[in-house]
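A quick write-up on the structure given underneath.
None of the values given here were measured: they were computed from a predicted structure.
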Amino acid sequence: MINMNGEIPYKCSCGGELKNSKVEVEFFGINFGLKDAEVCTLCGSEYLEQDTMKEIEAEVKKKNIFGLERKISVTKSGNSLVIRIPPEIAKFLGIHYKSIVQLFPVDKDLLEVKVVS
């Protein structure tokens, strides 16, 4: 049951209040538009409805990108560190031998890679 302020009677795992809201949903570069979600007023976590999650999963599976996320180890070549791109991810991104990519340090623990050619 939702109270008059739109707050949900249970709390986020951080202890914050949850409110119903619309959020922009993008996953693996697929824009799903504005969807209903519960959003924490303290930490900002977004919790999508089950039907929305099923819609996203179906679209991702249809595009054969389900399960592309990988944990890989960093190796070394000379003085450089090397990150190997698994073949499934390379195929999805259109990366091949001698492709040019740009690296962007977004945060202390986030590296963005953009395929240039």
Side-chain angles (χ1 to χ4, degrees):
M1 179 141 106
I2 299 170
N3 68 22
M4 298 289 276
N5 297 328
E7 292 177 352
I8 299 164
Y10 47 89
K11 297 193 181 281
C12 178
S13 58
C14 75
E17 301 289 328
L18 294 172
K19 287 195 175 186
N20 283 322
S21 185
K22 295 258 187 206
V23 296
E24 189 74 29
V25 178
E26 183 181 315
F27 189 76
F28 276 122
I30 303 168
N31 187 336
F32 290 89
L34 286 175
K35 299 292 182 184
D36 291 325
E38 296 172 354
V39 180
C40 178
T41 57
L42 187 60
C43 71
S45 291
E46 300 171 351
Y47 301 93
L48 298 172
E49 294 181 353
Q50 189 70 22
D51 289 343
T52 302
M53 293 302 295
K54 286 181 181 177
E55 176 188 340
I56 290 169
E57 184 177 329
E59 186 68 23
V60 166
K61 283 181 177 178
K62 187 171 89 177
K63 292 185 180 282
N64 292 323
I65 56 178
F66 188 77
L68 280 184
E69 182 178 314
R70 298 280 190 278
K71 286 185 179 179
I72 56 173
S73 60
V74 177
T75 60
K76 192 169 184 176
S77 175
N79 290 329
S80 297
L81 297 178
V82 177
I83 300 172
R84 290 188 242 174
I85 301 171
E88 304 85 13
I89 294 175
K91 182 179 177 185
F92 172 72
L93 295 172
I95 296 174
H96 51 83
Y97 178 66
K98 298 227 176 187
S99 288
I100 304 295
V101 298
Q102 287 180 310
L103 301 178
F104 302 95
V106 178
D107 206 341
K108 286 284 187 188
D109 62 352
L110 182 62
L111 177 67
E112 186 174 303
V113 179
K114 180 178 180 181
V115 180
V116 178
S117 67

Exercise for the section: Determine, for Lys62 against Glu59, whether the closest basic-nitrogen to carboxylate-oxygen distance falls under 4.0 angstrom. Expected result: yes

Please table the atom pairs, donor to acceptor, closer than 3.5 Å between any side-chain atom in residues 95-111 and protein atoms at least two apart or in another chain.
{"unit_1": "Ser99", "atom_1": "OG", "unit_2": "His96", "atom_2": "N", "d": "2.7"}
{"unit_1": "Ser99", "atom_1": "OG", "unit_2": "His96", "atom_2": "O", "d": "2.9"}

Practice task
Using a 4.5 Å cut-off on heavy atoms from C-beta on, say whether the side chain of Val82 contacts that of Lys76.
Solution key: no

Handout entry: Atom pair OG1/CG of Thr75 and Leu81 - distance to nearest 0.5 Å
Key = 8.0 Å

Handout entry: From Ile72 atom CD1 to Arg84 atom CZ, the distance as rounded to the nearest 0.5 Å
Key = 8.5 Å

Handout entry: Gap separating the CG atom of Asp36 from the NZ atom of Lys22, nearest 0.5 angstrom
Key = 3.5 Å

Problem - Spatial distance of atom CZ (Arg70) from atom CD1 (Ile89) [nearest 0.5 Å] - result: 6.0 Å

Exercise for the section: Specify the closest pair of heavy atoms between Ile85 and Ala90, including all atoms of both residues, with the distance to one decimal. Expected result: CG2-N, 3.7 Å

Practice task
With the side chain counted from C-beta on, respond yes when Ile83 and Val113 share a heavy-atom pair under 4.5 Å apart, and no when they do not.
Solution key: no

Practice task
Starting at OG1 of Thr52, measure out to CD of Gln50 and round the result to the nearest 0.5 Å.
Solution key: 9.5 Å

Problem - For Gly16 against Leu42, the heavy-atom pair lying closest together - result: CA-CB, 3.7 Å

Practice task
Kindly compute the distance separating OH (Tyr47) from CE (Met53), expressed to the nearest 0.5 Å.
Solution key: 12.5 Å

Practice task
Determine whether Glu46 and Val39 make a side-chain contact, defined as any pair of heavy atoms from C-beta on separated by less than 4.5 Å.
Solution key: yes

Problem - Side chain proximity check, Phe92 to Leu68, heavy atoms < 4.5 angstrom - result: yes

Handout entry: Donor-acceptor under 3.5 Å (Ser45 side chain, Cys40 main chain)
Key = no

